[in-house]
Peer 1: 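I have a structure here, written as structure tokens, and I will follow up with some questions on it.
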Amino acid sequence: MQERTKVTLPFLFDKMMKGTPLTMITCYDYPMAHLVEQAGIDIVLVGDSLGMTMLGYDSTLPVTMNDMIRHAAAVRRGTSKSWLIGDMPYMSYQASDESAVLNAGRFMAEAGCDGIKLEGGQEVTPRVRAIVAAGIPVMGHLGLTPQSVSSLGGFRLQGKGAKQAKKMVDDARALEEAGGMAILLELVPDQVCGLITDRSKIPIISLGSGPRAHGQLLIFHDMFGLYPKFTPKMAKKYGDAGKVIGDGLRQYVAEVTGRVFPEPERYFGIKQEEYAELLRLLNPADAP
Ligand code: KIV
């Protein structure tokens with residue numbers, strides 16, 4: 001296979017300008033990151049969705065910076081070439097510019113990320129400016145923003161009404177003007193995503209927001225049947241790794257119980273004379 005070169009910001013903008021769709025996926029650990037790297041994905045997001053997919057919480061809110069750094073560093077070890085984004089968890093940037101810059105810096109210094117993502121529109125532009133001023137690329141996130149799911153009224157389509165959609169268009173413009181390098185639109189109507197994309201000079205990535213964006217994102221666990229609670233309608237399943245693993249585990253239980261596993265080729269012995277000597281050492285009285 002041809003060796004990949006490191007994805008850079010100019011590479012991503014070049015693809016956008018040429019009209020070549022950008023590929024993005026979430027990833028949370030080393031072995032999956034290795035597969036993502038081999039597949040040649042452009043952008044990898046270590047999302048705070050790991051709170052649900054990896055840690056079993058009901059929402060993303062309990063996720064800490066330390067959780068994020070641990071997973072982001074593991075993903076970086078598996079993919080050196082993709083553009084790696086660390087997702088700022090709940091309350092890691094909301095309180096102040098200073099906390100936002102320090103936490104964004106941790107993703108860069110401790111996990112080797114290429115940039116960070118945070119949720120929100122005009123209200124977070126001071127944070128975006130502060131982080132960008134520290135030399136850290138920022139991806140914005142509009143539409144369904146899971147950290148605000150309570151005030152959004154649940155996991156539902158955002159921007160259905162003209163007024164809400166207009167605010168989203170304004171938010172996207174504000175994030176771009178604040179120095180954002182890209183914007184993720186989650187669960188936004190297709191036409192609204194199209195309008196924002198047409199007006200944007202930075203890459204717009206769609207998660208359930210239709211085909212008109214510059215790129216697409218899917219959640220790894222939704223793609224491969226690995227999240228046991230539900231699969232959102234916007235997610236396409238590309239394989240059922242959950243079934244493969246479940247079948248393998250059931251077979252393992254049956255084989256151990258039936259004394260089929262381990263087979264002779266999967267364990268090791270010592271020479272006959274060493275075994276005899278071992279018995280003698282353990283119990284000299286029985287020695288011949
Ligand atoms: O945490 C995450 O994976 C995300 C996606 C839902 C966009 O923010």
Side-chain angles (χ1 to χ4, degrees), residues 22-29 32-33 36 41-65 67-72 74-75 79 82-94 103-104 107 111 113-121 124 127-128 137-150 152 154-159 168 171-172 175 180-188 193 196 203-210 213-224 226-227 229-236:
L22 295 164
T23 54
M24 179 167 170
I25 193 169
T26 66
C27 189
Y28 315 102
D29 61 18
M32 300 307 142
V36 163
I41 302 273
D42 295 316
I43 307 172
V44 175
L45 170 69
V46 183
D48 64 352
S49 51
L50 68 80
M52 299 163 84
T53 57
M54 301 295 287
L55 303 178
Y57 296 128
D58 286 334
S59 79
T60 60
L61 303 191
V63 176
T64 66
M65 269 309 292
D67 292 331
M68 294 303 301
I69 295 292
R70 171 64 64 95
H71 284 269
V75 171
T79 169
S82 302
W83 215 76
L84 184 64
I85 299 186
D87 200 11
M88 300 282 281
Y90 186 57
M91 284 303 142
S92 66
Y93 59 98
Q94 284 89 344
N103 284 319
F107 275 114
C113 287
D114 298 301
I116 62 95
K117 174 175 88 57
L118 49 73
E119 299 181 5
V124 296
R127 307 289 183 267
V128 174
V138 177
M139 175 181 274
H141 181 169
L142 297 172
L144 174 58
T145 45
Q147 290 174 15
S148 315
V149 69
S150 181
L152 294 178
F155 290 91
R156 52 171 67 157
L157 189 67
Q158 300 296 313
M168 210 179 289
D171 281 342
L175 288 170
M181 52 71 61
I183 298 170
L184 171 67
L185 293 183
E186 179 172 351
L187 216 51
V188 169
C193 178
I196 293 176
I204 302 296
I205 309 289
S206 155
L207 172 58
S209 304
H214 300 114
Q216 296 293 324
L217 165 67
L218 278 177
I219 306 290
F220 194 100
H221 282 50
D222 295 339
M223 286 178 77
F224 297 110
L226 287 169
Y227 188 59
K229 290 193 177 161
F230 61 89
T231 305
K233 188 164 170 262
M234 65 185 172
K236 181 170 174 183

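Hydrogens, waters and symmetry mates play no part in the numbers below; they use all other heavy atoms, side chains included. Atoms within a ligand are numbered from 1 in the order they appear, just like the ligands themselves.
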Peer 1: Flag the pair V124 / L175 as yes when at least one side-chain heavy-atom distance between them is below 4.5 Å, and no otherwise.
Peer 2: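 They are in contact (side-chain heavy atoms under 4.5 Å apart), so the answer is yes.
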Peer 1: Need the ligand 1 atom indices (1-based, order shown) with element for anything under 4.0 Å from a heavy-atom of T26.
Peer 2: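 With T26 as reference, the close atoms of ligand 1 come out as 3 (O).
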Peer 1: So which bit of I219 gets within less than 4.0 Å of ligand 1, heavy atoms only: side chain, backbone, both or neither?
Peer 2: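 The answer is the side chain of I219.
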Peer 1: Suppose I only count heavy atoms of L184 and a 4.0 Å limit; which atoms of ligand 1 are within that range?
Peer 2: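 The atoms of ligand 1 under 4.0 Å from a heavy atom of L184 are 7 (C).
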Peer 1: From the options M88, M181, M139, select the one residue that forms a side-chain contact (heavy atoms from CB on, under 4.5 Å) with K117.
Peer 2: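 Among the candidates, only M139 passes.
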Peer 1: Counting heavy atoms only, which part of L207 comes closer than 4.0 Å to ligand 1: side chain, backbone, both or neither?
Peer 2: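 The part of L207 near ligand 1 is the side chain, not the backbone.
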Peer 1: Taking all non-hydrogen atoms of both residues into account, name the closest pair between C113 and G86 and its distance.
Peer 2: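 Residues C113 and G86, closest heavy atoms: SG-N, 3.8 Å.
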Peer 1: Looking at atom 3 (O) of ligand 1, what's its closest protein heavy atom, distance included?
Peer 2: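 Here the nearest protein heavy atom works out to S49 OG, 2.5 Å.
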Peer 1: Do I25 and M223 make a side-chain contact, defined as non-hydrogen atoms from C-beta onward lying under 4.5 Å apart?
Peer 2: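 Yes. Closest side-chain heavy atoms under 4.5 Å.
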Peer 1: Which atoms of ligand 1 are found less than 4.0 Å from any heavy atom of G47?
Peer 2: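 Reading through ligand 1 atom by atom, the close ones are 1 (O), 2 (C), 3 (O).
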Peer 1: Identify the residue among R127, E119, Q147 that makes a side-chain hydrogen bond (donor to acceptor under 3.5 Å, both in side chains) with Q94.
Peer 2: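 Exactly one pass, corresponding to Q147.
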Peer 1: Whether the D222 and T231 side chains hold a donor-acceptor pair (N or O, under 3.5 Å, no angle test) is what I'd like checked.
Peer 2: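 No, no side-chain donor-acceptor contact under 3.5 Å.
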Peer 1: Which one of I85, L207, I219 satisfies the side-chain contact (heavy atoms from CB on, under 4.5 Å) criterion with L45?
Peer 2: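 Single pass found, and it is I85.
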Peer 1: Tell me whether D87 has any N or O atom under 3.5 angstrom from an N or O of ligand 1.
Peer 2: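 Min N/O separation from ligand 1 is below 3.5 Å for D87.
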Peer 1: Can any side-chain N or O of D87 pair as donor or acceptor with the backbone N or O of V46 at less than 3.5 Å?
Peer 2: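 Between the backbone of V46 and the side chain of D87 there is no qualifying donor-acceptor contact (under 3.5 Å).
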Peer 1: Should D48 be counted as touching ligand 1, given the test is an N or O pair under 3.5 Å?
Peer 2: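 For ligand 1, there is an N or O atom that lies under 3.5 Å from one belonging to D48.
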Peer 1: For ligand 1, which atoms, with element, lie under 4.0 Å from some heavy atom of H141?
Peer 2: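 Once the distances to H141 are compared, the set is 7 (C), 8 (O).
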Peer 1: Please confirm whether L217 approaches ligand 1 to less than 4.0 Å, judged on its heavy atoms.
Peer 2: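 The answer is yes, since L217 has a heavy atom less than 4.0 Å from ligand 1.
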Peer 1: For atom 6 (C) of ligand 1, which of Q147, K117, M52, E186 has the closest heavy atom?
Peer 2: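 It is E186 that holds the nearest heavy atom.
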